[in-house]
Protein chains: 4
Amino acid sequence: MAAQKSTQPAKPAPDSTRRSEKSRRAIYDAALALVVEVGYPKTTVEGIAARAGVGKQTIYRWWSSKADVLMEAFLDLGEQSMREAGPVPYVFPDTGDLAADVKGVLRATVDQLRDPRFEVPSRALAAEGVVNEQLGRELVAKLMQPSLDLYIGRLRAAQDAGQVRPEIDPRIALEFFISPLAQRWLQHTGPISYEYTDTLVDYALHGLAPR
Amino acid sequence: MAAQKSTQPAKPAPDSTRRSEKSRRAIYDAALALVVEVGYPKTTVEGIAARAGVGKQTIYRWWSSKADVLMEAFLDLGEQSMREAGPVPYVFPDTGDLAADVKGVLRATVDQLRDPRFEVPSRALAAEGVVNEQLGRELVAKLMQPSLDLYIGRLRAAQDAGQVRPEIDPRIALEFFISPLAQRWLQHTGPISYEYTDTLVDYALHGLAPR
Amino acid sequence: MAAQKSTQPAKPAPDSTRRSEKSRRAIYDAALALVVEVGYPKTTVEGIAARAGVGKQTIYRWWSSKADVLMEAFLDLGEQSMREAGPVPYVFPDTGDLAADVKGVLRATVDQLRDPRFEVPSRALAAEGVVNEQLGRELVAKLMQPSLDLYIGRLRAAQDAGQVRPEIDPRIALEFFISPLAQRWLQHTGPISYEYTDTLVDYALHGLAPR
Amino acid sequence: MAAQKSTQPAKPAPDSTRRSEKSRRAIYDAALALVVEVGYPKTTVEGIAARAGVGKQTIYRWWSSKADVLMEAFLDLGEQSMREAGPVPYVFPDTGDLAADVKGVLRATVDQLRDPRFEVPSRALAAEGVVNEQLGRELVAKLMQPSLDLYIGRLRAAQDAGQVRPEIDPRIALEFFISPLAQRWLQHTGPISYEYTDTLVDYALHGLAPR
DNA sequence: AGTTAATCGAGACGGTACGTCACGTCTTTGC
DNA sequence: GCAAAGACGTGACGTACCGTCTCGATTAACT
């Protein structure tokens, strides 16, 4: 086999086994708190470091930018609340009634979009992702894709049950539920309510159902 | 009615009649060019001023922020290209075939989303609008609403022609065409193509049409 | 006449006519005070800026380093105290008695070397000059040379009066008065006192006088 | 009297019997090399450790500062070259001709002051000693005093031989030879040459000799 | 020879200061 | 009399070293 000499002679790459778990936690907490309190643009690396009681270099050693820190912090927050939520958290309900199931999930999403603990950081990350494609793709892959896959699974089940036309591509169909809500939220193009998401589901399923 | 002198004792309020048209143009051009060339975050007020051959104060006198400058510049760009486009710019095609009409408009939108002259500044503004609600609302009102109204008009006409169920709310229905595309573009959640927008229209209209 | 286009395309070179005199004074004062209070190594550009109520950039705009600031500050201090001292401050006494004249001047020098207002900054500058040849030469030229010239003048007068052998080079002879004192002071090689400098003069003049 | 174990409860005081000789050598070499290559201010403890292939703590365990390391390294360099020089290193020539003897020694000093292997580190140490009195005194005691004592010895011999007036204090007289040269070198106040030191000796001895 | 304890290379850590960049305000100068 | 030019106080950037603090892995002295 060929030699596997390292390929980046520039920076020595820190030794992650020696990493301070305490500092990481403190940095996550500080970053999330600051974003919520003062907003993303006024959140600075210096501020995070100071609040976390940590040297700036400790941040730059492990992350490349403010956005990077915040993304990991947010991901960690998600994992944390999931761990708290119990052992079988993430499945899409399947009662047989597609409309009701989707409406339920969307209502939960609406709740989350309104919780400032989630709203402010997600908004900040989403904004960053709009402009920074690499970070945007990471966000999608790590934060959104898991949920989207659940939608796809549920829609496939509905197709098997004959409730959705078989020629429909579930990866596109799910956008009818998610994208309008996402856009209203992201761009403030309209109010967000249970009534609205329910309507969305009704209109959309009408088009997906067999005639 | 009497004169309506505004009453701001704080700042002398610049006299807009004396404003230099040449400077304004130069600032617009510089702002757009810089955003396209180096990206929004690296575009600075100082850079715009230098490139426009203008004092910084001349920018701060008339605009409140980098985002503000860029928004006006972008609006101006829109008006300009519309003026160039000739005397009949702002109507939604109505050939009687709703699907074809919408597909055509969406294909034009796809083209625009891919033109870097438009893409980079719009992305920058959209990102800013995600985080800055006030600017976001302004963006929607000034840049998006006119187009949305055209969709609404066309959908109403389709309802009158019996091609769309009368109980459908056109302001929600239009989101089935626009939001999935918008989200794919904004969040890089998927590829954008004529085929994609065509499929969107087909799926959506299936749900809107009377049974 | 030939064109006189600027030759440094790199940095725009600040406009010294717009320079803030108040800031300069504040910076000089802060630099000298800090050096005396906390010593040269613990004096930082940041500290000077903070104490002077000035932005760091204002320092870096006009000086290239901490040592540079301190040198100008010290020079300014010298000019200032000279201006205060009256209109004809800087002449070497010439009573006809060379030994007495030189002893008097050296005693004044001893006094100055012990005044902390002068001692700490001069020591710092001297140290810097030992290692940084360019700054060292500047120091010698601006701070020491004027005094040395006065010695040379007095020695020449003594030669004319037949008190010093004519073949003696005054530029070397003066080092017998100055260098031992300088070295004792700089390198802490011995105590400094009037008695010491008097002895120096006696020994040295013995060698300079005609037989 | 009883044992005189020092009482420092704070630090366990490293056990010098276990000290790694190899590391010490490597640190000396690295320190001297770096000072010559990049100059004293750009020489860092981190750099010395890296170049010596040694942990930073190994430096801080045995030395208190960069200057401290450099001083020991330089002292060691001196001892080393003396050991190489053979068994009769440390005597002042005494041919009976005081002028010739002193001129010879000063010429050797001039040579040394120009050898970069010595010049750069000595300059750095001298500069440090100017500002840091404690280190300055150490330097004088360890590096200069031995040589000075030799001068004193030679001058005493000259007094015994009637070549120097008996009331002259040799500790002051020697400064006429050494200080002017030292100052020229330290402060770049003038060129250094054999001719110069020869002149110095001539002028000075003229003053020291009996009439 | 095996045990034990200190030193060793390594480098992450909380900090401080660096020198640079851009901010938004304020002042001077020239057209 | 406005606007270009740009100096100013401010504050964050990302980097370099500081001196301290763990980590195994030697390594040398003492059972």
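In the text below, chain A, chain B and the rest are named by the order of the sequence lines, each starting its count at 1.
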Rounded to whole angstroms, how far apart are OH on Tyr60(B) and C1' on dA22(E)? 8 Å

N or O in side chain of Ser20(D) less than 4.0 angstrom from dT7(E) OP1/OP2: no

Is there a donor and acceptor pair, one atom on the side chain of Lys56(A) and one on the base of dG15(E), closer than 3.5 Å? no

Give the rounded distance in Å between these two atoms: CZ of Arg61(A) and P of dC17(F). 14 Å

Please report the distance, rounded to the nearest Å, between CD1 in Ile59(B) and C1' in dA5(F). 13 Å

Does a distance-only test, which skips hydrogens and angles, find a donor-acceptor pair under 3.5 Å between the side chain of Arg18(C) and the base of dA5(F)? yes

Which residue, Arg19(C) or Lys42(D), contacts DNA chain F at a nucleotide closer to its 5' end, judged by nearest heavy atom? Arg19(C)

Leu70(B) and Tyr40(B), any side-chain heavy atoms less than 4.5 Å apart: yes

Does Thr43(A) offer a backbone N or O that forms a donor-acceptor pair with the side chain of Lys66(A) under 3.5 Å? yes

Taking the nucleotide of DNA chain F with the closest heavy atom to each, which residue, Thr17(D) or Ser16(C), is nearer the 5' end? Ser16(C)

Atom NZ of Lys22(D) and atom P of dT7(E) are separated, to the nearest Å, by 17 Å

Choosing from dG14(F), dG9(E), dC18(F), which nucleotide comes nearest the side chain of Val45(A)? dG14(F)

Separation of dG9(E) P from Asp15(A) CG (nearest whole Å): 18 Å

Distance check needed: dC18(E) C1' versus Ile48(C) CD1, whole Å only. 13 Å

Take the protein atom CD of Glu46(C) and the nucleotide atom C1' of dT20(E), then report the distance between them rounded to whole Å. 12 Å

Non-hydrogen side-chain atoms of Glu37(A) and Val120(A) separated by less than 4.5 Å: no

Reckon Gly53(C) touches a base, only the sugar-phosphate, or nothing at all at heavy-atom distances under 4.0 Å? sugar-phosphate

Identify whether the distance between the nearest side-chain nitrogen and carboxylate oxygen of Asp29(C) and Arg51(C) falls below 4.0 Å. no

Report the residue (Ser64(B) or Ala52(D)) whose heavy-atom-nearest nucleotide on DNA chain E is the more 5′ of the two. Ala52(D)

Contact under 4.0 Å: Thr44(D) side-chain N or O vs dC17(F) OP1/OP2: no

Compare all side-chain heavy atoms of Trp63(B) with those of Ile27(B) and state whether any distance is below 4.5 angstrom. yes

Report yes if a side-chain nitrogen or oxygen of Trp62(A) is closer than 4.0 Å to either non-bridging phosphate oxygen (OP1 or OP2) of dC13(E); otherwise report no. yes

N or O in side chain of Ser23(C) less than 4.0 angstrom from dG9(F) OP1/OP2: yes

Using a 4.5 Å cut-off on heavy atoms from C-beta on, say whether the side chain of Lys142(C) contacts that of Met71(C). yes

Heavy-atom nearest nucleotide on DNA chain E taken for Gly47(C) and for Glu21(D); more 5' hit belongs to Glu21(D)

Quick one: does Gln57(D) reach the base of dC8(E) with a side-chain donor-acceptor pair under 3.5 Å? no

Tell me: CD1 of Ile27(A) to P of dG15(E), nearest whole Å? 12 Å

